[in-house]
Amino acid sequence: MADEANGAAPQQAQVKMSVLAQFVRDMSFENIVAQKGVASAEVQPETQVQVSLDARKRSTEHQYEVITKFKITSTNSTNKAPLFLLELDYAGIFHVEGVPEEQIHPFLLIECPRMLFPFIRRIVSDVTRDGGFAPFYLETIDFLALYRAELSRRAAEQKPAEGTAIS
């Protein structure tokens, strides 16, 4: 009460987040080197990682499912021949309270994937190692930058459509 009397703003609700479950929704690993019989001396891997995110509200109040999708493609740098392909959809079920409605979307697509990332990194390194390659360790991902890039991409797609209107 004393803070309000002094003109201080009342405190916002405390943000509460907990991971209720996390799991592999879908995973595929294709070892193209083993299938084609390429000699290991000829292999000089070059790897690309694509990441996409999705979030949806669940029927239970304050629960959300966040899905991180990774597509990891490794090619031979000498001739661009494919070496392996790993596709991983990893999901988490989160209980989130205290986040204002206008901030829930960025919260789900930035903070929740940060919580899942160490587990994803471990799965990717284990699968690539068990698949016959050196373990591939994902670099740390800046989910805030990824979110901002997606917003920019969507805004760029909207501008041409808006610019075609004639007044």
[atom2] on [Y] to [atom1] on [X], rounded to 0.5 Å:
X    : Y    : atom1 : atom2 : value
L83  : L85  : CG    : CG    : 11.0 Å
F117 : L138 : CZ    : CG    : 5.0 Å
R121 : F136 : CZ    : CZ    : 10.0 Å
C112 : M17  : SG    : CE    : 5.0 Å
L86  : T47  : CG    : OG1   : 10.5 Å
F143 : R114 : CZ    : CZ    : 8.5 Å

With the 4.5 Å side-chain cut-off for hydrophobic clustering, are [X] and [Y] part of the same group?
X    : Y    : answer
M115 : L20  : no
V66  : I104 : yes
Y137 : I72  : no

Are [X] and [Y] close enough that some pair of their side-chain heavy atoms sits under 4.5 Å apart?
X    : Y    : result
P100 : Q103 : yes
Y90  : Q22  : yes
V51  : L146 : yes
R25  : E65  : yes
K69  : Q50  : no
D89  : V24  : no
L88  : V124 : yes
I123 : M27  : yes

What pair of heavy atoms forms the shortest contact from [X] to [Y], and how long is it?
X    : Y    : result
L53  : P113 : CD2-CG, 4.0 Å
T128 : A134 : OG1-O, 3.8 Å
I67  : A91  : CG1-CB, 4.0 Å
V15  : G98  : CG2-O, 3.6 Å
G92  : L116 : N-CD1, 3.8 Å

Practice item. Determine, step by step, whether E87 and D26 satisfy the side chain to side chain contact (heavy atoms under 4.5 Å, CB included) criterion, reporting the C-alpha distance in whole Å, the side-chain angles of both residues, the deciding distance to 0.1 Å, and the verdict. Key: CA-CA 8 Å; E87 295 178 312; D26 191 23; over 6 Å; no

CA sep, side-chain torsions, deciding dist, call: E157, R154, salt bridge (Lys or Arg N to Asp or Glu O under 4.0 Å)
CA-CA 5 Å; E157 286 179 357; R154 288 183 183 185; over 6 Å; no

>> Would you say that more than 12 heavy atoms from the other residues, nucleotides or ligands in this model lie under 6.0 Å from the CD of E61, or not?
In response: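 Open: at most 12 neighbouring heavy atoms sit under 6.0 Å from CD of E61.
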
key: Within 6.0 angstrom of R129 CZ, more than 12 heavy atoms from elsewhere   =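 Yes, the 6.0 Å shell around CZ holds more than 12 heavy atoms from other groups.
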
Could you go through Y147 and H105, starting from their C-alpha distance and side-chain angles, then the distance that decides it, and tell me whether this counts as ring pair (Phe, Tyr, Trp, His ring centres under 6.0 Å)? CA-CA 10 Å; Y147 181 78; H105 189 255; 5.6 Å; yes

### Query
Excluding sequence neighbours, so at least two apart, what forms ring pair (Phe, Tyr, Trp, His ring centres under 6.0 Å) with F70?
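Here no residue qualifies.
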
### Task
Check ring pair (Phe, Tyr, Trp, His ring centres under 6.0 Å) between F84 and all other residues, then give those that pass, not counting sequence neighbours.
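Partners of F84 by the ring pair (Phe, Tyr, Trp, His ring centres under 6.0 Å) criterion, ordered by chain and then number, come out as F29, F133.
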
Exercise. Keeping the roles fixed (side chain from N76, backbone from P45), state whether a donor-acceptor pair exists under 3.5 Å.
Key: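 Pair absent, no side-chain N/O of N76 close to backbone of P45.
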
Could you go through the side chain to side chain contact (heavy atoms under 4.5 Å, CB included) check for K16 and V96 one step at a time?
CA-CA 6 Å; K16 296 177 187 175; V96 179; over 6 Å; no

